[in-house]
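Below is one structure; the comments refer to it alone.
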Amino acid sequence: VAEKAVDEPSAAQGLQRFVAAKQEICDVMGQLETSFQSAKKFCEQTWVWSSETADGRQSMVEALRASTGEFVNRCQQMIRSVTRESMKVVFVGRTSNGKSTTINAMLHTRVLPAGPGHTTNCFVTLQGSDQSKAYMQLPGDPTPRDLKDVQSLTDALQQEHVLPPGQSVEIHWPRDQCHLLRDDVVILDSPGLDYDSDFDAWIDETTRDADVFVLVVNAVSTLSGAESGFFHSVCKTVAKPNVFVIFNQWDNLDEDEADVTGVRAQHMSKARDLLVRDLGICSEAELSSRVFFVSSKEVLKSRAGSDSRTTSYTDPSSAVVPGLNTHQSRAREFAAFEDKFEAVITSHAIATRFSRHIDEGRRMASVLTTGLRDLIQHLTDEAARVAERLHANTRLLQDLNRREAKLMDQCDKIIQDVPEAMYTELLDQMQAQVVLQLP
Ligand code: GDP
């Protein structure tokens, strides 16, 4: 059932597949927990009536009772942990390439401060909250701080520029205001790749569990050594990371269409060298659905706080035309990126986040099945032995009954036959006595 939850997580679409898979896995864990509870009760009852015999049975029941008790707790823990699972995307790129703007565009609202210069000097984690007001938490300080406006966050992020990797400013944003956060996506924004070259340390601390990386490149420059260096480091710890490359600020290209095509081809070639040739994390065929040319600023402006996406990803008219660089084409390409991003992050998270829980659930179910099967076999053997003894005793009883009946017959016979003779003899003896005593 758990496997089914992963392979066919209901009819939910897009990011909601993850939410639905989570729900189904929790349901399965709940069913397992009920089974363990019943098995535990069965063991407790079996224990009571098994006191007089059978050491083997007692130790079997005792072991099964202990493990089912432990499994009940484990199921409860796993349900709590699955409920907390989320999908994680990490944004990287050099400072001012537009990471914060891209995140805001995806969230349909200006959550992160964006602007020229070092606006984000530390890691920022953005996650959904059930509270109605946004708040932030600084590392080492659990007190929620009011997030009144973007400026208060800007101040906090700039003050915290000395934060080591592994620590981040947490922004908790009302879930019902952004569909990404509502559907359990956690976003990690990183300081610019030019900010710190000790990638290994921060990859270890922050990106090991990422489902997707989004590399934001400024389209008017090019992919740099820092960017490829970062992903070479990622590949040392993550076998095949899912990487999207966004050439942002595509609206800044004011050349004619022929040049646009040329610049696009150059960027594509650089992206191919990195993703296909050097890292081997994407095939040639996949490349066009991993590299996008967009204007996050325009998308953010057009969405202006609306939570619904206006561009249809599946609409054939939204197909990307490489030579074209218009506001509409950039908007479509951004939507195509989001479409692919949602598909990849959901599939990866479903495939990786729950496997540990599913394996453990399967192992526990197998321990219970084997234990119950052995115990039932043991009880069946014991019942057969008892029945055999009962059968032998019944035969003995029947034999005794038969003998008793025979004896009774004999007694009746004696009672019927013997008294006549006995009376005669007695009478004779008494008469003889009487005769002797006569004077
Ligand atoms: P970050 O440092 O990578 O997070 O970059 P920001 O998101 O703060 O953006 C840096 C600057 O680039 C800001 O002034 C943005 O308004 C601007 N910017 C971001 N995306 C675009 C875009 O698509 N087009 C244009 N023209 N400017 C952009």
Side-chain angles (χ1 to χ4, degrees), residues 89-126 136 149-161 163 168-169 171 173 178 180 187-197 199 202 206-207 213-224 226-227 230-231 243-255 260 263-264 267 291-305 311 320 324-338 341:
V89 50
V90 176
F91 281 80
V92 291
R94 279 179 291 159
T95 310
S96 293
N97 280 2
K99 294 184 297 300
S100 308
T101 309
T102 306
I103 292 170
N104 289 343
M106 289 174 82
L107 293 173
H108 296 230
T109 185
R110 285 172 217 277
V111 176
L112 294 174
H118 284 239
T119 47
T120 315
N121 292 334
C122 57
F123 289 93
V124 184
T125 306
L126 240 158
M136 69 177 155
D149 49 37
V150 169
Q151 189 52 48
S152 63
L153 178 61
T154 309
D155 297 344
L157 298 186
Q158 287 180 338
Q159 274 170 28
E160 303 296 333
H161 66 281
L163 283 184
S168 66
V169 172
I171 298 177
W173 199 262
C178 304
L180 278 185
I187 298 170
L188 183 81
D189 189 15
S190 58
L193 286 174
D194 37 353
Y195 164 77
D196 182 359
S197 59
F199 298 143
W202 62 271
T206 59
T207 65
F213 292 87
V214 177
L215 169 63
V216 182
V217 185
N218 187 339
V220 293
S221 66
T222 185
L223 270 169
S224 70
E227 285 142 348
F230 172 78
F231 282 105
V243 179
F244 286 95
V245 180
I246 283 197
F247 286 98
N248 189 36
Q249 312 200 13
W250 198 226
D251 57 305
N252 274 340
L253 247 74
D254 52 9
E255 280 100 328
V260 169
V263 175
R264 188 178 173 115
H267 284 324
V291 182
F292 297 90
F293 295 80
V294 301
S295 168
S296 300
K297 189 175 179 176
E298 286 176 347
V299 173
L300 175 61
K301 203 169 160 200
S302 68
R303 288 181 171 174
T311 314
V320 171
L324 216 60
N325 189 13
T326 62
H327 176 79
Q328 283 83 0
S329 72
R330 293 188 288 271
R332 282 193 200 120
E333 205 154 335
F334 195 91
F337 152 67
E338 284 178 309
F341 160 80

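Just so you know, ligand 1 is whichever comes first in the structure, and atom 1 is the first atom listed for that ligand.
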Sequence-distant partners of Ser295, side chain to side chain donor-acceptor pair (under 3.5 Å), two or more places apart: Asp251

Element-labelled atoms of ligand 1 that are located less than 4.0 Å from some non-hydrogen atom of Ser296: 23 (O)

Close N or O approach (Pro113, ligand 1; < 3.5 Å): no

Test item, Gly93 contacting ligand 1 (heavy atom, 4.0 angstrom): no

Contact (N/O only, under 3.5 Å) between Asp189 and ligand 1: no

Of Trp250, Phe337, Phe334, the residue whose pairing with Phe293 passes side chain to side chain contact (heavy atoms under 4.5 Å, CB included): Trp250

Asp251 contact mode with ligand 1 (heavy-atom cut-off under 4.0 Å): side chain

Residue pair Ser221 / Arg94: nearest heavy atoms and the distance that separates them: OG-NH2, 3.5 Å

Of the listed options Thr102, Thr101, Asn218, Asn97, closest to atom 6 (P) of ligand 1 (non-hydrogen atoms): Thr101

Arg264 with Glu333: basic N within carboxylate O range, under 4.0 Å: yes

Closest to atom 2 (O) of ligand 1 (judged by heavy-atom distance), picking from Pro191, Ala219, Ser96: Ser96

Atoms of ligand 1, numbered as shown, that sit under 4.0 Å from any heavy atom of Asn252: 26 (N)

Subset of ligand 1 atoms that lie under 4.0 Å from at least one heavy atom of Ser295: 22 (C), 23 (O), 24 (N)

Option with minimal heavy-atom separation from atom 23 (O) of ligand 1, where the choices are Leu300, Asn104, Leu112, Asn248: Asn248

Phe231 and Phe213 aromatic ring geometry - parallel, tilted or perpendicular at 30°/60° bounds: perpendicular

Considering all heavy atoms, the nearest Leu112-Ser100 contact: CB-CB, 4.0 Å

Salt bridge Glu338-Arg303, side-chain N to carboxylate O under 4.0 Å: yes

